[in-house]
Asks: 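This is the structure, below, for whatever I ask next.
Just so it is clear: chains get the letters A, B, ... in the order the sequence lines come, proteins before strands, and each one is counted from 1.
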Protein chains: 2
Amino acid sequence: MIPEPAVSNPFPARVDKERHVRVALADRSYDILIGEGLLDRAGAEIAARLPGVRAVIVTDATVAELYLARLEIALAGAGIQTRAVTLPAGETTKSFAHLEATVDAILQARLERGDVVIALGGGVIGDLAGFASAIVKRGTNFVQVPTTLLAQVDSSVGGKTGINTPHGKNLVGAFHQPSLVLADIATLDTLSPREFAAGYAEVVKYGLIDRPDFFDFLERHRGSVFAGGPERSEAIAISCQAKADVVAADERETGARALLNLGHTFGHALERAVAYDPARLVHGEGVAIGMALAHRFSRTLGLCSGQDAGRVTAHLEAAGLPTTIGAIPGPRLGRETLMEAIAQDKKVSRGRLTFILTRGLGQAFVSKDVDPEAVVRFLDEELTP
Amino acid sequence: MIPEPAVSNPFPARVDKERHVRVALADRSYDILIGEGLLDRAGAEIAARLPGVRAVIVTDATVAELYLARLEIALAGAGIQTRAVTLPAGETTKSFAHLEATVDAILQARLERGDVVIALGGGVIGDLAGFASAIVKRGTNFVQVPTTLLAQVDSSVGGKTGINTPHGKNLVGAFHQPSLVLADIATLDTLSPREFAAGYAEVVKYGLIDRPDFFDFLERHRGSVFAGGPERSEAIAISCQAKADVVAADERETGARALLNLGHTFGHALERAVAYDPARLVHGEGVAIGMALAHRFSRTLGLCSGQDAGRVTAHLEAAGLPTTIGAIPGPRLGRETLMEAIAQDKKVSRGRLTFILTRGLGQAFVSKDVDPEAVVRFLDEELTP
Ligand SMILES: NC(=O)c1ccc[n+]([C@@H]2O[C@H](COP(=O)([O-])OP(=O)(O)OC[C@H]3O[C@@H](n4cnc5c(N)ncnc54)[C@H](O)[C@@H]3O)[C@@H](O)[C@H]2O)c1
Ligand SMILES: NC(=O)c1ccc[n+]([C@@H]2O[C@H](COP(=O)([O-])OP(=O)(O)OC[C@H]3O[C@@H](n4cnc5c(N)ncnc54)[C@H](O)[C@@H]3O)[C@@H](O)[C@H]2O)c1
Ligand SMILES: [Zn+2]
Ligand SMILES: [Zn+2]
């Protein structure tokens with residue numbers, strides 16, 4: 001038997017091992033349901049909250065193949081009329097052209113404001129479908145059915161939607177909260193190990209921001225989370241709760257949400273440096289390296305103990321995630337390339353950089369006063385073989 | 001001397017004859033300034049409210065020719081860096097393609113959330129630029145500098161922004177309130193008489209909804225409003241206040257805003273029936289005919305006196321606006337065409353239609369229970385030569 005986790009479970013299950021997280025946003029509050037088989041109960045759950053609606057399902061080709069028919073049957077079973085829009089899989093789908101096509105399909109289906117757009121897929125589909133839902137008739141109802149770990153613990157929570165442009169990622173979009181999130185953890189069984197690990201980096205992030213107990217829990221139960229044991233839904237629920245708490249405190253990202261960028265300053269710079277080539281680096285891998293770097297950089301600055309930084313690196317490595325710049329396949333990335341990418345990502349204020357740093361496990365904070373020279377010296381150290 | 005209007009002026013001027021209307025929307029409240037020469041003071045007014053911003057001006061070719069240089073000089077004078085995006089004039093500019101181009105230009109200028117997009121032009125530019133401002137980085141600051149009467153009294157107030165699609169007008173958009181509206185009434189001097197009259201239809205609308213004193217005022221001072229006398233800014237200010245009141249009560253158009261559609265059910269049907277050909281009918285002309293029809297229809301239903309309906313028709317005619325379906329140039333419109341267009345516009349509920357009807361001048365109300373047969377009989381009457 002696995003020993004009881006030190007962190008108590010604040011999410012009593014209603015149906016079997018199902019967990020519920022409430023995102024508290026006044027009249028825009030909503031539930032996140034986390035459990036197995038939610039896909040087949042989607043019709044009932046949606047009809048209970050949005051009686052009489054019609055639906056347009058937006059999905060990608062990979063996910064459609066695996067799960068669209070089941071969702072359609074579930075909706076039909078609850079008397080919900082549906083149409084489906086299937087887009088190509090992959091980040092390039094988050095474009096103006098696909099937005100227009102999606103909007104067109106939703107209008108073609110004559111959806112009204114009170115009807116619902118359902119995103120079935122990963123963060124790409126959630127971001128695009130959510131944005132389409134935000135702007136059709138200035139806002140229709142929206143339901144997320146996230147099918148990647150990243151989408152279940154991060155992108156489906158918080159209401160940020162949007163697309164990419166040639167000027168950068170996620171530069172165009174809207175805040176548009178869903179009415180409901182249905183995270184069917186059984187769908188994660190078909191996810192590639194690499195995508196699962198990438199999403200896991202964001203799970204670890206919540207522990208590292210301000211939940212040291214959760215990090216302990218992950219150290220103890222990583223195996224079960226990866227294998228689909230009971231701790232998987234617990235880890236997802238705690239992650240959703242962590243993000244929901246931050247979102248409730250700062251819906252429109254004016255302050256507290258910044259901590260969610262732990263690991264993302266270095267991470268985004270690395271993604272940019274490899275020109276967003278998923279063969280070299282997917283987002284979560286960038287975040288994993290970024291978090292490891294943020295902790296080692298904090299240690300270099302005398303903020304965080306070497307022991308804590310070491311635990312972070314070890315845990316991510318054990319999860320199959322990269323933790324050094326050198327671990328990225330392909331041509332070696334140089335210090336100049338990275339400094340340029342960092343400068344592009346961040347507004348430089350009075351010559352200082354903004355970073356999420358940490359005083360130890362679960363003690364992250366925003367520093368707007370990082371000396372670029374210190375970053376250069378740190379990168380030189382990291383890049384020395 | 002023109003006799004004192006019966007309606008007292010609730011808008012004491014700060015600068016000369018300038019009038020200020022406050023749109024009360026909690027933390028999204030803003031001022032509408034109405035007066036002459038505001039274009040030249042735009043830099044100072046914006047800098048006072050949004051210190052340190054940079055700006056992208058969105059305008060159309062016709063308006064750019066007339067007013068862009070003056071606005072740029074005014075902004076430069078207040079130390080505001082600007083870039084301008086000049087789009088073709090006309091309704092077809094409210095498209096996905098022009099939205100993308102505008103968003104691209106705003107990103108190219110590296111505008112941040114705290115910077116400002118300025119719409120310089122009529123309702124087309126206001127709707128498009130406002131929507132672009134709503135979605136770039138999930139929302140930048142926005143300032144309206146409306147240069148048509150319709151934009152000054154209607155489209156620049158209330159935060160509705162958007163574009164058209166092949167499925168219909170204004171079907172895609174966002175609610176995005178401006179930080180400031182600068183209505184320089186001197187710009188109206190270059191507006192074609194036809195466009196001025198079209199905007200005037202919306203002015204009359206506010207009187208007919210619930211301000212009978214304002215309708216009296218317009219009956220008395222129409223000449224001065226058209227000629228640019230002191231009553232022009234008063235009429236515009238009262239109109240803005242009327243719209244601001246409705247918007248404050250119902251920001252997201254869930255109820256009270258419906259009254260603003262007085263004249264628009266018939267009006268939209270007429271616009272659709274002529275396939276939005278501006279050579280035959282512009283929006284305000286459709287609204288004028290629509291308001292005349294709404295009053296005569298209400299009379300037919302025994303709701304409104306023939307005298308009131310007659311005053312409405314007479315006033316609109318005197319303003320150079322059409323008030324009958326027969327007045328639309330080109331092929332005669334038949335009853336079937338119009339009924340189809342009405343059915344397309346409105347959700348039919350239990351076989352009944354929704355119309356804004358009236359019990360007399362300034363006594364409009366929403367009826368969700370109009371018998372389509374009564375509309376058919378009324379149209380037959382109206383279409384009999
Ligand atoms: N809105 C937010 O707050 C937020 C937060 C973080 C990330 N994001 C966005 O999320 C996106 C990344 O999301 P993602 O990692 O889910 O990528 P994704 O949506 O591209 O999914 C990754 C791949 O997995 C496939 N897939 C999805 N579900 C599957 C399943 N159950 N079984 C097998 N294959 C499956 C997809 O077809 C895709 O090929 C990025 O665009 C990022 O910007 C948004
Ligand atoms: N957002 C809202 O709440 C709302 C309300 C009503 C109407 N609208 C929208 O407004 C649009 C119509 O607005 P509009 O009537 O202002 O049309 P418009 O913007 O097309 O302007 C009409 C014409 O006048 C020209 N023009 C503008 N200012 C001028 C000036 N000072 N001198 C000379 N020419 C000038 C323009 O170039 C254009 O050719 C429609 O798209 C409608 O959907 C929006
Ligand atoms: Zn991330
Ligand atoms: Zn109108």
Asks: In Å and rounded to the nearest 0.5 Å, what is the CG to CG distance from Asp104(B) to Leu171(A)?
Replies: 10.5 Å

Asks: To the nearest 0.5 angstrom, please state how far the CD atom of Glu100(B) sits from the CD1 atom of Ile163(A).
Replies: 7.5 Å

Asks: Which atoms form the tightest heavy-atom contact between Thr161(B) and Arg138(A), and what is the distance?
Replies: O-NE, 2.9 Å

Asks: Working to the nearest 0.5 angstrom, can you tell me the gap between Ile135(B) CD1 and Phe175(A) CZ?
Replies: 13.5 Å

Asks: Which bit of Val172(B) is near chain A, if near means a heavy-atom gap under 4.5 Å: side chain, backbone, both or neither?
Replies: both

Asks: Is it the side chain or the backbone of Ala134(A) that comes within 4.5 Å of chain B heavy atoms, both, or neither?
Replies: backbone

Asks: Rounded to the nearest 0.5 Å, what's the gap from OG1 on Thr165(A) to CG on Leu107(B)? Could you check?
Replies: 5.0 Å

